[in-house]
K.L.:
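The structure follows.
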Amino acid sequence: MIIEIKFILILAAVLLLLGLILSYLSTLADKKENSAEKRIEMLLPGINCGQCGFPGCSAYAKALSEKKAAPNLCRPAGADVAKQLGAMIGNTNASYEDYEEQLFSPRLVAYIHENSCTGCGKCKRKCPVDAIAGILKEPHMVDPDICIGCDECINTCPEKCIEKIRLDHDLSHFNWNIHSVQIKTGS
Ligand code: SF4
Ligand code: SF4
Ligand code: SF4
């Protein structure tokens, strides 16, 4: 009888210990879930486009939680989220006016008037991101998905047949940060 009581007491103690351990682990998980980094990440769009200069939303959230990044770097998230992020990390110095202008101003890209284009190819050679296609002596064309609106082709064209046109933003046409675009090297 005494042995049975001892066994039950030991079993109860083990179960109590296990319960305490599980409760501790659950508290740790809750803490992680509610950490600043996690709460910041939940505000970000999660599309991992890299426009903020970090390799994905998690990395940007981590940098923000450590106060190593400005809160207005995620353009897809928009100005309201940027302001919320600024409030969360105590950064009220970021300029949201400039940011909103950047966010909502239409994207400008080059457009070639093919009737006036002689196909000399000077614009194509000058374009830093290979956005211009065309063969010599034939009208050239700009790919608006690639053009970063740098004006190099406009300044180069001897026929003055390139102008800037406006594109509305959508999820695939952000106002790209020129520093995040891979620039080709050499001529
Ligand atoms: S710019 Fe925004 S959506 Fe894109 S990776 Fe950075 S945090 Fe994510
Ligand atoms: S504006 Fe710049 S990026 Fe766009 S087509 Fe002209 S040279 Fe290329
Ligand atoms: S520089 Fe002007 S004329 Fe020459 S290919 Fe380009 S758009 Fe045409």
Side-chain angles (χ1 to χ4, degrees), residues 36-66 68-86 88-89 91 94 96 99-100 102-103 106-167 169-187:
E37 182 182 332
K38 205 75 198 167
R39 278 182 285 122
I40 288 170
E41 193 176 348
M42 284 170 73
L43 283 177
L44 297 173
I47 54 178
N48 298 315
C49 64
Q51 287 186 82
C52 52
F54 291 86
C57 304
S58 301
Y60 182 44
K62 186 170 188 305
L64 278 171
S65 69
E66 293 168 354
K68 290 180 180 165
N72 58 359
L73 301 181
C74 175
R75 294 175 183 188
D80 286 343
V81 169
K83 285 175 190 168
Q84 285 182 57
L85 294 172
M88 282 174 82
I89 64 168
N91 180 344
Y96 297 108
Y99 181 57
E100 285 187 24
Q102 258 187 334
L103 266 173
R107 196 164 72 95
L108 296 174
V109 295
Y111 173 81
I112 296 174
H113 292 277
E114 58 182 69
N115 288 343
S116 312
C117 173
T118 59
C120 69
K122 288 184 177 169
C123 56
K124 188 177 170 186
R125 289 195 289 277
K126 199 80 180 174
C127 178
V129 292
D130 282 336
I132 300 177
I135 53 176
L136 273 181
K137 298 188 179 169
E138 294 287 340
H140 283 39
M141 285 178 66
V142 175
D143 184 338
D145 286 340
I146 302 174
C147 175
I148 56 172
C150 69
D151 286 357
E152 288 286 346
C153 55
I154 293 174
N155 298 333
T156 305
C157 178
E159 307 301 324
K160 303 287 174 216
C161 61
I162 310 177
E163 67 167 333
K164 284 285 209 37
I165 58 167
R166 289 166 184 269
L167 287 187
H169 289 296
D170 60 30
L171 277 181
S172 57
H173 293 106
F174 301 122
N175 211 351
W176 286 99
N177 177 350
I178 194 167
H179 299 302
S180 69
V181 177
Q182 196 173 1
I183 308 291
K184 72 178 182 186
T185 53
S187 57

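Fair warning: this is a prediction, and the values are worked out from it, not measured in the lab. All ligand and atom numbering here is 1-based and tracks the order in the structure.
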K.L.:
Under 4.0 Å from any heavy atom of Cys161, which atoms of ligand 3 are there?
P.N.:
2 (Fe), 7 (S)

K.L.:
Starting from atom 3 (S) of ligand 2, find the nearest protein heavy-atom neighbour and note its residue, name and distance.
P.N.:
Ile148 N, 3.5 Å

K.L.:
Quick one: look at Val129 and ligand 2, take heavy-atom pairs under 4.0 Å, and tell me if it's side chain, backbone, both or neither.
P.N.:
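Answer for Val129: side chain.
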
K.L.:
Considering only heavy atoms, does Pro45 approach ligand 1 within less than 4.0 Å through its side chain, its backbone, both, or neither?
P.N.:
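Contact part for Pro45 vs ligand 1: side chain (C-beta onward).
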
K.L.:
List ligand 3 atoms under 4.0 Å from Ile112, heavy atoms only on the residue side.
P.N.:
7 (S)

K.L.:
In ligand 2, which numbered atoms sit nearer than 4.0 Å to a non-hydrogen atom of Glu152?
P.N.:
7 (S)

K.L.:
Counting from 1, what ligand 2 atoms have a heavy atom of Cys147 closer than 4.0 Å?
P.N.:
1 (S), 3 (S), 4 (Fe), 5 (S)

K.L.:
If I compare all heavy atoms of Tyr60 with all of Ala70, which pair ends up nearest, and what's the gap?
P.N.:
OH-O, 2.6 Å

K.L.:
What is the distance from atom CD1 of Ile162 to atom CG of Asp151, rounded to the nearest 0.5 Å?
P.N.:
10.0 Å

K.L.:
Nearest to atom 8 (Fe) of ligand 3, what protein heavy atom do you find, and at what distance?
P.N.:
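For atom 8 (Fe) of ligand 3, the nearest protein heavy atom comes out as Cys117 SG, 2.3 Å.
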
K.L.:
Near Ile132, which atoms of ligand 2 are under 4.0 Å from a heavy atom of that residue?
P.N.:
5 (S)

K.L.:
Could you tell me the residue and atom name of the protein heavy atom closest to atom 1 (S) of ligand 1, and the distance to it rounded to 0.1 Å?
P.N.:
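Residue, atom and distance for the closest contact: Cys52 N, 3.3 Å.
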
K.L.:
More than 12 heavy atoms of other residues, nucleotides or ligands under 6.0 Å from NZ of Lys137: is that the case?
P.N.:
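No, the 6.0 Å shell around NZ holds no more than 12 heavy atoms from other groups.
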
K.L.:
Can you tell me how far CD of Gln84 sits from CD1 of Ile40, rounded to the nearest 0.5 angstrom?
P.N.:
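Answer rounded to 0.5 Å: 11.5 Å.
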
K.L.:
Nearest 0.5 Å please: distance from the NE2 atom of His140 over to the SG atom of Cys120.
P.N.:
7.0 Å

K.L.:
List the atom of Pro139, the atom of Glu114, and the distance in Å for their closest heavy-atom pair.
P.N.:
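That would be CB-CB, 3.6 Å.
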
K.L.:
Under a heavy-atom criterion of less than 4.0 Å, does Pro139 contact ligand 3?
P.N.:
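Per 4.0 Å heavy-atom rule, Pro139 does not contact ligand 3.
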
K.L.:
Tell me: protein heavy atom nearest atom 4 (Fe) of ligand 3, and distance?
P.N.:
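Residue, atom and distance for the closest contact: Cys120 SG, 2.3 Å.
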
K.L.:
Side chains of Val81 and Cys74, heavy atoms from C-beta outward: is any pair under 4.5 Å?
P.N.:
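No, side chains not in contact.
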
K.L.:
Which protein non-hydrogen atom lies closest to atom 2 (Fe) of ligand 3, naming both residue and atom, and how far is it?
P.N.:
Cys157 SG, 2.3 Å

K.L.:
Indicate yes or no: at least one non-hydrogen side-chain atom of Asn91 is less than 4.5 angstrom from one of Leu64.
P.N.:
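A side-chain contact under 4.5 Å is absent here.
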
K.L.:
Need the ligand 3 atom indices (1-based, order shown) with element for anything under 4.0 Å from a heavy-atom of Ile162.
P.N.:
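With Ile162 as reference, the close atoms of ligand 3 come out as 7 (S).
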
K.L.:
Which value, rounded to the nearest 0.5 Å, describes the distance between Ser65 atom OG and Leu85 atom CG?
P.N.:
11.0 Å

K.L.:
How far apart are the closest heavy atoms of Thr156 and Cys123, and which atoms are they?
P.N.:
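What the structure gives for the nearest pair is CG2-N, 4.4 Å.
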
K.L.:
Which atoms of ligand 3 sit under 4.0 Å from any heavy atom of His140?
P.N.:
5 (S)

K.L.:
How close do Ala69 and Leu73 get, heavy atom to heavy atom, and via which atoms?
P.N.:
CB-CD1, 4.4 Å

K.L.:
With a cutoff of 4.0 Å, is Ala77 in contact with ligand 1, counting heavy atoms of the residue only?
P.N.:
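Ala77 does not count as a contact of ligand 1 under the 4.0 Å cut-off.
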
K.L.:
How long is the gap from CE on Met88 to CZ on Arg39, to the nearest 0.5 Å?
P.N.:
5.0 Å

K.L.:
For ligand 1, which atoms have a heavy atom of Ile47 less than 4.0 angstrom away?
P.N.:
3 (S)

K.L.:
Under 4.0 Å from any heavy atom of Gly56, which atoms of ligand 1 are there?
P.N.:
5 (S)

K.L.:
Identify the two heavy atoms, one from Glu37 and one from Ser58, that lie closest to each other, and give their separation to 0.1 Å.
P.N.:
OE2-O, 4.5 Å

K.L.:
For ligand 1, which atoms sit closer than 4.0 Å to a heavy atom of Tyr60?
P.N.:
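That gives atoms 7 (S) of ligand 1.
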
K.L.:
Identify the protein heavy atom lying closest to atom 6 (Fe) of ligand 3, giving its residue, its atom name and the separation to 0.1 Å.
P.N.:
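The closest one turns out to be Cys123 SG, 2.2 Å.
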
K.L.:
Asp151 heavy atoms, cut-off 4.0 Å: which ligand 2 atoms fall inside?
P.N.:
1 (S), 2 (Fe)

K.L.:
Could you check atom 5 (S) of ligand 3 against the protein and tell me its nearest heavy-atom contact, residue, atom and distance included?
P.N.:
Gly121 N, 3.2 Å

K.L.:
Does Thr118 come within less than 4.0 angstrom of ligand 3, counting non-hydrogen atoms of the residue?
P.N.:
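It does, in that a heavy atom of Thr118 comes within the 4.0 Å cut-off of ligand 3.
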
K.L.:
Side chain of Asn48, backbone of Cys57: donor and acceptor closer than 3.5 Å?
P.N.:
yes

K.L.:
Check ligand 3 against Glu159 and write out every atom of the ligand that is under 4.0 Å from a heavy-atom position of the residue.
P.N.:
3 (S)

K.L.:
Could you tell me which atoms of ligand 3, counted from 1 in the order shown, lie closer than 4.0 angstrom to a heavy atom of Gly119?
P.N.:
5 (S), 8 (Fe)

K.L.:
Flag yes if more than 12 heavy atoms outside Lys68 fall under 6.0 Å of its NZ atom; otherwise flag no.
P.N.:
no

K.L.:
In Å, rounded to the nearest 0.5 Å, how long is the span from CD1 of Ile112 to CD of Glu159?
P.N.:
11.5 Å

K.L.:
Any idea which part of Val109 is under 4.0 Å from ligand 2, heavy-atom wise: side chain, backbone, both or neither?
P.N.:
neither

K.L.:
Near Pro158, which atoms of ligand 3 are under 4.0 Å from a heavy atom of that residue?
P.N.:
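The atoms of ligand 3 under 4.0 Å from a heavy atom of Pro158 are 1 (S).
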
K.L.:
Which pair of heavy atoms, one from Cys153 and one from Ile132, lies closest together, and at what distance?
P.N.:
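It is CB-CD1, 3.8 Å.
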
K.L.:
Just which atoms of ligand 2 are under 4.0 Å from any heavy atom in Cys153?
P.N.:
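Taking each heavy atom of Cys153 in turn, ligand 2 has 1 (S), 5 (S), 6 (Fe), 7 (S) under 4.0 Å.
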
K.L.:
Is atom 2 (Fe) of ligand 1 under 2.8 Å from any N, O or S atom of Cys57?
P.N.:
no

